> 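Can you keep this structure in mind? I'll have questions shortly.
Order of the sequence lines fixes the chain letters, A, B, ..., with proteins taken first and strands second; residue numbering starts at 1 for each chain. The shown structure was predicted, so the numbers you read here are calculated from the model rather than taken from an experiment.
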2 protein chains.
Amino acid sequence: MFKRAKQNRVFQDVVEQIQDAILTGKLPPGSKLPAERELKEMFNTSRGTLREALRVLEQKGLIEIKLGVNGGAIVKQIGTDPLMESLALLIQSGNVSLAHLSEFRIKIEGSLVELATERATPQDIEKLEQMQARARHCYDTRDWENFLKTDEAMHTYIGTMTRNPVFQFVQKSIHDNIHRYYQDFLPMNRERTLENLTDFDKIIAAMKSKDGAAASAIITDHVQRFHDKMTGKHP
Amino acid sequence: MFKRAKQNRVFQDVVEQIQDAILTGKLPPGSKLPAERELKEMFNTSRGTLREALRVLEQKGLIEIKLGVNGGAIVKQIGTDPLMESLALLIQSGNVSLAHLSEFRIKIEGSLVELATERATPQDIEKLEQMQARARHCYDTRDWENFLKTDEAMHTYIGTMTRNPVFQFVQKSIHDNIHRYYQDFLPMNRERTLENLTDFDKIIAAMKSKDGAAASAIITDHVQRFHDKMTGKHP
DNA sequence: AGATCAAAATGGTTTAACCATTGGGCAGAA
DNA sequence: TTCTGCCCAATGGTTAAACCATTTTGATCT
C-alpha cells in the first residue's frame, strides 16, 4: 500500500537536476557549468556536498573537470567509456570469463559482418582494400606491430560499416577486453599473419559480391581459430 | 618518450586502493569497510576527500552505503546495474536510437536461442513448458498483465540456458531498454498474445528436436514482427 | 616585441562542528 | 516476565571557513 519514503541525499538531488539539464539539451556538450562557489549558492548547499554531486556526474561520464582559472565542469559528449569501464570491472571480478566473452564474440562478429556486407558502399570496399594493402606491406616488411594495428583498424572499420552504434560499441568493448588479457599470448609470426591476410582477402571478396552469409562464415571461422589458439595456450 | 605526469587527485588514489582490494578479493562481497572517521586516518586524508572517493566507488557499483549505527560501506557483488545505467544514458542522450537497439536485438536473439538449444537440458525444456502452460492459462483468463510477465520470464530463462552471462546481460539490457520506451505502445490483445503463444510452441518444439537453426529462425521472425509493429505505431 | 612575474579565478584539500538515522539497551508499565 | 517507550552512542550526511595548487591573464620591464 505504501512505498518506502525516498531516501533523499542532497547531492543526489543535485546530480538529478544537472543530469536532467544535460539530457534535455539545456546544457549541450561543450558548455561550461558555473564555478563551484556559484553552484553552491544556486543549489543552496555546501561546497562539499556539491563536489560529491560533481564526482558522481564525472564518474557517469557526463562532465569533465578542468583545473585553474577558466577551469570548471564541462559537459561531455556522452560516450561509451563508462560502459567499457563497467564491463572491465565485471571481467576483472571474475563474474565473466574470457571464454564467455570469446564465445559471444564469435556469434556477434558473424552478424556484424553480415550487416556490414548489406550496407557496404563502394567507398567502404575501397577503404578496406587500402587497409588490406597496408597490412600486406607490413607483412612483407615484417612490421608486426603495425600489422596488428591495421588488423584492428579493419575490424573497427567493418563495425562502422554497419551504421549501427550498438554493434560498434559491442564489438569494440568485447575486442578491447579480450585483447587486454590475451595480448601477452599473441605470438606474431609469419604463419599467423599470412592466415590473417588470406582471411581478409576472402572477406573483402565476399563483400564485393554482396554475399553476407559467406563473409559471415569466414569471419566466424577466423575468430573461432583465434579463440582456439588462445585457449590452447592459456587453458 | 615521456608520459604526462599523472594528475593525482587524492581521492583517486583512495579509490584505486579500495578498488584494488575488492578486485583482488582482499575485501570480499558482503564485508564491511571501517567507518569514515577510521578510514580517514588510515589514508591520512580529510573526511570530505574520503567521501568523494566513496561516492565514486558507490557509483561504480562496488560498494553500498548504509545509514545509522552499524552502517557504513559494504562491498557489493559486482553486477550489471552500472552497465545498464550507462546504456540507458547513451539511449536517452540520443546517441543510440531504439531502431539501432532493436536491429541489434533481432540479430543477437537468434544466436542466443541457437546456443540455448544446443545446451538445453531436459529440465530446461520442462521448465519452459511449465511457463508456457502458465502463459496459456493467462491467455484463457485474459490476464494480460501476467501474460506479459510470463513472456518476459521465458525470454530471460532462455538467456540463462546459454550458460553465458554475456548473452544474459546483453539480452536483459537490450530488452529492458527497448521496453522502457515502447511499453506505452504495447496493445495487448487476443491476436497478439495468441501469436506469441504459437511462436513459443514452435520454439519449444524446435528445441526438443535440437534444431537450433529452426528455433533461431522462429525467434528472429518473432522479434522482427514486434519491431515492425512498434516502429509502425511509433515511426 | 618579447620575456618575466604577479594577481586573480578556480578546483583540491583540510578542519571542526553539527544534524539525521539507526540500533541497542535500559527503565518502567502491564 | 514481557512489552513499550525513551535515551544514548555510533555512524553517515551536511555545513562553514579557511588555505593550497594550478592555470590563465595581463601588466611590467627590458
Side-chain angles (χ1 to χ4, degrees), chain A residues 2-19 21-22 27 29-76 81, chain B residues 2-19 21-22 27 29-76 81:
Chain A
F2 292 118
K3 292 188 298 183
R4 200 167 95 210
K6 196 166 88 180
Q7 176 67 263
N8 242 352
R9 296 191 282 184
V10 175
F11 77 86
Q12 281 180 331
D13 188 58
V14 175
V15 166
E16 277 164 32
Q17 287 194 50
I18 298 181
Q19 174 169 326
I22 293 175
L27 289 173
S31 60
K32 208 181 79 171
L33 272 69
E36 288 184 359
R37 290 163 179 85
E38 286 178 60
L39 283 171
K40 156 188 102 121
E41 300 298 330
M42 293 165 62
F43 287 110
N44 186 34
T45 183
S46 74
R47 227 182 127 202
T49 300
L50 177 80
R51 282 175 58 81
E52 289 189 28
L54 293 181
R55 282 290 89 68
V56 171
L57 291 165
E58 189 184 38
Q59 188 58 34
K60 286 188 178 195
L62 290 172
I63 62 173
E64 184 178 14
I65 292 173
K66 279 178 34 178
L67 232 63
V69 66
N70 272 357
I74 295 169
V75 179
K76 283 214 312 194
D81 286 4
Chain B
F2 292 117
K3 290 189 299 184
R4 201 168 83 213
K6 196 166 84 178
Q7 174 68 266
N8 241 352
R9 296 190 283 185
V10 174
F11 77 86
Q12 281 179 332
D13 188 57
V14 175
V15 166
E16 276 164 32
Q17 287 194 50
I18 298 181
Q19 174 169 325
I22 293 175
L27 288 173
S31 60
K32 206 179 81 171
L33 272 69
E36 289 183 358
R37 289 163 179 86
E38 286 178 60
L39 283 172
K40 157 189 100 125
E41 300 297 330
M42 294 166 61
F43 287 110
N44 186 33
T45 182
S46 74
R47 226 183 127 201
T49 299
L50 175 79
R51 281 175 58 81
E52 289 188 28
L54 292 181
R55 280 292 88 69
V56 171
L57 291 165
E58 188 184 38
Q59 188 60 32
K60 285 188 179 196
L62 291 171
I63 63 174
E64 183 176 15
I65 292 173
K66 279 176 36 175
L67 232 62
V69 66
N70 273 357
I74 295 169
V75 179
K76 282 213 316 193
D81 286 4

> Is the phosphate of D/dT22 approached by B/R9 (side-chain N or O, under 4.0 Å from OP1 or OP2)?
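B/R9 to D/dT22 OP1/OP2: no side-chain N or O under 4.0 Å.
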> Can you identify which nucleotide, out of C/dT21, C/dG12, D/dT14, has its nearest atom closest to the B/R51 side chain?
D/dT14
> Which nucleotide sits closest to the side chain of A/I65: D/dG12, C/dT13, C/dG11?
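Selected nucleotide: C/dG11.
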> Counting only side-chain N and O atoms of A/T49, is one of them less than 4.0 Å from OP1 or OP2 of D/dG13?
no
> Could you give the CD-to-P distance, from A/E52 to D/dG13, as a whole number of Å?
7 Å
> Measure from CG on A/N8 to P on D/dG13 and round the result to the nearest Å.
13 Å
> When you check the side-chain N and O atoms of B/N8 and B/Q12, is any donor under 3.5 Å from an acceptor?
no
> Starting at the 5' end of DNA chain C, which residue's closest nucleotide do you reach first, A/E58 or A/V69?
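In this pair, the answer is A/V69.
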> Counting heavy atoms from C-beta on, name the nucleotide in C/dG12, C/dT21, C/dT10 closest to the side chain of A/A35.
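Among the listed nucleotides, the one closest to the side chain of A/A35 is C/dT10.
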> Is any side-chain nitrogen or oxygen of B/T45 closer than 4.0 Å to OP1 or OP2 of C/dT14?
yes
> If I take atom CG in residue B/L57 and atom C1' in nucleotide D/dG12, what distance separates them, rounded to the nearest angstrom?
16 Å
> What is the distance from CD1 of B/I63 to C1' of D/dG12, rounded to the nearest Å?
12 Å
> Just the rounded figure in Å: distance from P of C/dT10 to NZ of A/K32.
6 Å
> Please report, rounded to the nearest Å, how far the C1' atom of C/dT14 is from the CD atom of B/E41.
12 Å
> For a side chain to side chain contact (heavy atoms under 4.5 Å, CB included) check, start with the C-alpha distance between A/V14 and A/V56, then their side-chain angles and the critical distance, and finish with the verdict.
CA-CA 10 Å; A/V14 175; A/V56 171; over 6 Å; no
> Please give, in whole Å, the distance from C/dG23 P to B/K66 NZ?
7 Å
> How far apart are the closest heavy atoms of A/K76 and A/G61, and which atoms are they?
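Distance-wise, the nearest heavy atoms are CE-O, 3.6 Å.
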> Look at the side chain of B/R37 and the base of D/dG12, then say whether one donor and one acceptor between them are separated by less than 3.5 Å.
yes
> If you assign each of A/N70 and B/R47 to its closest nucleotide in DNA chain D, which residue comes earlier from the 5' end?
B/R47
> Could you check how far CG of A/L50 sits from C1' of D/dG13, rounded to whole Å?
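Taking CG of A/L50 and C1' of D/dG13, I get 15 Å after rounding.
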> Looking at B/E52, B/E58, B/Q59, which one forms a side-chain hydrogen bond (donor to acceptor under 3.5 Å, both in side chains) with A/R55?
B/E52
> Taking all non-hydrogen atoms of both residues, which atom of A/K40 and which atom of A/L50 are closest, and how far apart?
N-CD2, 3.9 Å
